[in-house]
> 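Could you have a look at this structure, given as structure tokens, before my questions?
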Amino acid sequence: MLSPTIRVQKFSAPLRGWPPLCLVGCSGWLLETNESETTNLPVLHSCCRLRLPPLLLIPSRIRWVHCLLLFTVPCLEDLRRKYLEKEDKYKSLASLDEMHTKLQQLQHQMAWALVTEMEKEVQPMRERVNGEEKATIKYDQKVEEWKAKVVEAEQKYRQIHDQLESISERMQQLQPQCSVLKNQAQECSKTFKAAEASFHRIKTNLRDLEKDKEQLIKRIDELKHSISLSGAADAQERTQHIGSLQDELQSLGHQDATLSQQIEQFQRAVDRGREELASIRQEEQDLLRATKSKHEALRSLEASRTDRIKRFGEQMPSLLAAVDDAYRQGQFRKKPVGPLGCCIRLKDPELALAVESCLKGLMMAFCCDNYKDERILQGLMSRHYSQLKRPQIIVTEFSNSMYNISEKAVRHPEYPTVLQALEIENPVVANCLIDMRGIETVLLIKSGRDARRVMQHGQAPRNCREAFTAEGDQVYTNRYYSGDHKRAQFLSGDVEEEIRHLKLELESQAVHTQNLRQRVQAVEADVRRNNELLKRAYEDRKRAKDKFHKLKLELSDLQNMEEPQSEDLRPLEEELQEICGRISAARQEGDSARQQVTQLKKALEEAELNYRRQKDIISSVTEEADPIKEDLSKSDQEVEKSKHHRKHYEEKKKAHLSGIQRLKADLSAKETDLMAAVKKATVICPKMEVKRTAKSLDSEISRLKQKISSQQDQQGDRDLIIRQYQEALENYKNIALQVKHLKRFTGLLGKIMNDRHKVYTEMRMYLSVRCKYYFDSMLSQRGYTGKMTFDHKNEALAISVQPGEGDKAALNDMRSLSGGERSFSTVCFVLSLWAIAEAPFRCLDEFDVYMDMVNRRISLDMMMKIAASQRFRQFIFLTPQHMSSLPVSNLVRIHRLKDPDRTQTVLRFGQRNQEEEE
């Protein structure tokens, strides 16, 4: 008997509905001799498509149900016994009704006893209110008394004030006279000083004329002496030298004028260069500040990719975290809201720049409910914004509803207001923006032309103050302002586009900064060059001026030496006579000026005396007003004191009236509670006369409840007993019904399982017969005979193969079969298994390893014929042999692997691992 072992692998596809795949390897099948190993095939179980393990489990589960029923019957009896016990307890509950009835009566009395005690509490409160109302008369008298004192003090104050006013009128009348006298004294002083200065000037002129007379006399004497000594020999030579000096001085004057023009030009060039340099450096500083702000904005935008809060500054997340911590610690009464720009959303992204231009600094602002929270928030901001401008803090009372703006808001059919263009979830934010900016009265119009048409051509919409365009321009009814910004910073939707735009602006600003630096270098070079030229021109001018002064001094000396020789003595003598006449006239003028000064001095002294007299009169009037002022101050203090006492008693009266109101409110509340108690007691039972106190009734009720409780502890709670009785009855009925249904179901299930097991046995027999038939028919194609014996009870399969008629005695031992015969028998066995298997993919590996050419040809034809007859399945055959003998067909596809490299002696795994590590 030959018993091959088949190696089978069955894979299930990962997706539902995919068919299984059967892989079979043929090497070494016929070397096994254990028959039980042959039938341990998942292929046979998949052939009949029946789930045998679940079928085998069902009888065991039926047995488990029978055991459960055997266990349930005693439990059912226990349930019946418990049910009967609960029923007995339920019937014994009637003895507690009397105690419950008495308890109810006591509770009724307790209700009206509480009403009586509340009436006793209300009566003293009424008496106290009446007493306080009577005491109000005393406060009224005090208030009236101090009101009269206030009126008296005010009258006295007015009298003193009238006296002071009369003195003030006298002062006002005397003051103009004093001013006139003062002006007269000042005019006299000015005239006296002018006359005195003229007198001193005349004296000085006379002294100078006398000095000139002495010098002229001396000069005449010197000329007379020089004329006698000098000669006319060198006159012509000095004349020529003076002419040459004069020509040289004229050329130096022209040179000085030219140098002055050059200096002025160079100075203007230097000033222009310095001004241009200052403007360029200022522009560079502005550009650097703008670049720094744009870098900060870029960092904020890049950080806002993951956190939108960072768009409002790098310090904002830490500030919000500090606010959250402070709120958790209870430092804030209500948590501040902000920044406001983070609490709003745009309905139309195109209006982002318009909204930011409208709100401006409010985008960074915070809202606080009270000033205490505002001070705490200021302290937190001081730690996070120490060197930077802090966000604005707005103090407004928080509300859960938005303002009613139906009367003040703008209603336009085409254009929205700022409030309509925003989505604001928090009413505190909406109310704050309405208060601070009036967003319900500001229109948003995308086009500037439309904005001018709506706001300036004709009457503006009702309640509309201003409008903003999509470019950030601000439009009023009579003026138009262009926006300061070109792009939105906080509300823009596309962050990547804003980042790209900022990077482009930074690049252009970097180029502009480089150009400015180049201009600075060029202007500085021009300024240095012009400074050098200006310095050189100053040096040339200084040298020319020094030379000019030297020549002029030399010319002056020559002319002074020449004049005594050429001048005449007669003009000097005439000038001397003229000076003598002027001296006599100056002396006469000095005498008259001296007399005038004396007269003016007397007039000045008289005017000053009159002014001092008028001033003394005013001082006496002022001294007379001082005690009146003191009396007025005392009277004013008396008025304030009377007012203070009046206010004190008015406040005490007000507090007294407030206390009466509070007492009345408490009395009203007590009376309301009394009416409610009466109403509740009336609902409980009709009004009754109760002589016992609520405390005694409460103690008796407590004792009765304890008695009922002890009775219930002995018998059990009434409601609990009733509930347990009903639950036990219901549980018993449900369990009995379930046991009945379960018995019926197990009988039906046993019948169904017997029918299914019978059908399964018949199908297994049909599949075994079919497999035997296919095996015999395939062996017969080669002239072999064989036999397959299935032992389903022991799960064993016996296979016997007879190669030919003449070798029967020699082949009793199946191990003596040749390799080709064994391989052919294996192929026939696999094909017979395929005939009863339902797998759509069939793979066979190394089926012709030990076959000769005849068996291989017959096996291939047989497999190709089966494959051609089953085109709805796919067959995969793996073999190391050459397949060129197969006929050409569009149903057959041959894949041949490349021959391996026979020269390689070492595998490259280690070298590859080293390369990967490197």
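The shown structure was predicted, so the numbers you read here are calculated from the model rather than taken from an experiment. We count residues from 1, following the sequence as given.
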> Are the side chains of Met363 and Ile344 in touch, meaning some heavy atoms are under 4.5 Å apart?
yes
> To the nearest 0.5 Å, how far apart are CG in Leu340 and SG in Cys367?
4.5 Å
> Counting C-beta onward and ignoring hydrogens, is there a side-chain heavy-atom pair between Arg411 and Arg462 closer than 4.5 Å?
no
> Going by the salt bridge (Lys or Arg N to Asp or Glu O under 4.0 Å) test, name the single residue among Lys652, Lys654, Lys653 that passes it with Asp140.
Lys653
> Does any non-hydrogen side-chain atom of Gln474 lie less than 4.5 Å from one of Tyr480?
no
> Would you mind listing every side chain to side chain donor-acceptor pair (under 3.5 Å) that reaches into residues 425-445, with sequence neighbours excluded?
Tyr403-Asp435, Arg437-Glu466, Thr441-Arg465
> With sequence neighbours left out, which residue pairs that include part of residues 316-367 fulfil the ring-ring contact (aromatic ring centres under 6.0 Å, His included) condition?
none
> Taking atom CD of Gln459 as the centre, report whether more than 12 heavy atoms of other residues, nucleotides or ligands fall under 6.0 Å from it.
no
> Please examine the side chains of Thr417 and Leu444, heavy atoms only from C-beta on, and report whether any two atoms are closer than 4.5 Å.
no
> Just by modelled atom types, is the Tyr476 backbone N or O under 3.5 Å from a matching donor or acceptor in the Gln456 side chain?
yes
> With distance as the sole criterion, is a donor-acceptor pair present between the side chains of Arg536 and Tyr538 under 3.5 Å?
no
> In residues 348-361, what donor-acceptor pairs under 3.5 Å come from side-chain atoms, sequence neighbours left out?
from   : atom 1 : to     : atom 2 : distance (Å)
Asp348 : OD1    : Glu350 : N      : 3.3
Asp348 : OD2    : Lys446 : NZ     : 2.8
Glu350 : OE1    : Lys446 : NZ     : 2.7
Glu356 : OE1    : Gln489 : N      : 2.8
Glu356 : OE2    : Gln489 : N      : 3.1
Glu356 : OE2    : Phe490 : N      : 2.5
Glu356 : OE2    : Leu491 : N      : 2.7
Ser357 : OG     : Leu353 : O      : 2.8

> Return yes if some donor-acceptor pair links the side-chain N/O of Ser382 with the main-chain N/O of Gly379 below 3.5 Å, else return no.
yes
> Counting only heavy atoms not in Asn478 (residues, nucleotides, ligands), do more than 12 fall under 6.0 Å from its CG?
yes
> Quick one: ring-ring contact (aromatic ring centres under 6.0 Å, His included) pairs with a partner in residues 656-675, sequence neighbours left out?
Tyr139-His656
> Given side chains that start at C-beta, do those of Val475 and Tyr481 come closer than 4.5 Å, heavy atoms only?
no
> Please examine the side chains of Pro461 and Val454, heavy atoms only from C-beta on, and report whether any two atoms are closer than 4.5 Å.
yes
> Between Lys670 and Asp673 (salt bridge meaning N to carboxylate O under 4.0 Å), is one present in this structure?
no
> Under a 4.0 Å threshold between the charged nitrogen and the carboxylate oxygen, would Lys156 count as salt-bridged to Glu152?
no
> Does a side chain donor of either Tyr157 or Gln159 reach within less than 3.5 Å of an acceptor in the other side chain?
no
> Who pairs with Arg158 by side-chain contact (heavy atoms from CB on, under 4.5 Å), at least two apart in sequence or on another chain?
Glu154, Gln155
> Could you pull out all residues at least two apart from Lys372 that satisfy side-chain contact (heavy atoms from CB on, under 4.5 Å)?
Arg333, Asn370, Arg375, Ile376
> Give the C-alpha distance, both sets of side-chain angles, the deciding distance and a yes or no for side chain to side chain contact (heavy atoms under 4.5 Å, CB included) between Lys664 and Ser668.
CA-CA 6 Å; Lys664 287 183 177 180; Ser668 177; over 6 Å; no
> Does the Asn463 side chain pair with the main chain of Val410, one donor and one acceptor, at a distance under 3.5 Å?
no
> Could you give the distance from CG (Asp526) to CG (Asn530), rounded to the nearest 0.5 Å?
6.5 Å
> If you look at every heavy atom in Met402 and Ala430, which pair is closest and at what distance?
SD-CB, 3.5 Å
> Give a yes or no on whether the backbone of Val527 and the side-chain of Asn531 come within a donor-acceptor separation of less than 3.5 Å.
yes
> Are side-chain heavy atoms of Ile424 and Leu419 found at a separation under 4.5 Å?
yes
> Tell me whether the count of non-hydrogen atoms from other residues, nucleotides or ligands lying under 6.0 Å of CZ in Arg449 goes above 12.
no
> Sub-3.5 Å donor-acceptor pair from the side chain of Lys347 to the main-chain atoms of Gln420, do we have one?
yes
> Indicate yes or no for a side-chain donor-acceptor contact from Asp373 to the backbone of Asp369 under 3.5 Å, with no hydrogens or angles considered.
no
> Take atom CZ in Arg128; do more than 12 heavy atoms of anything else shown fall under 6.0 Å from it?
no
> Would you indicate whether Glu397, at its atom CD, is surrounded by more than 12 heavy atoms from other residues, nucleotides or ligands within a distance under 6.0 Å?
no
> Any non-hydrogen side-chain atom of Val151 less than 4.5 Å from a side-chain atom of Lys147?
no
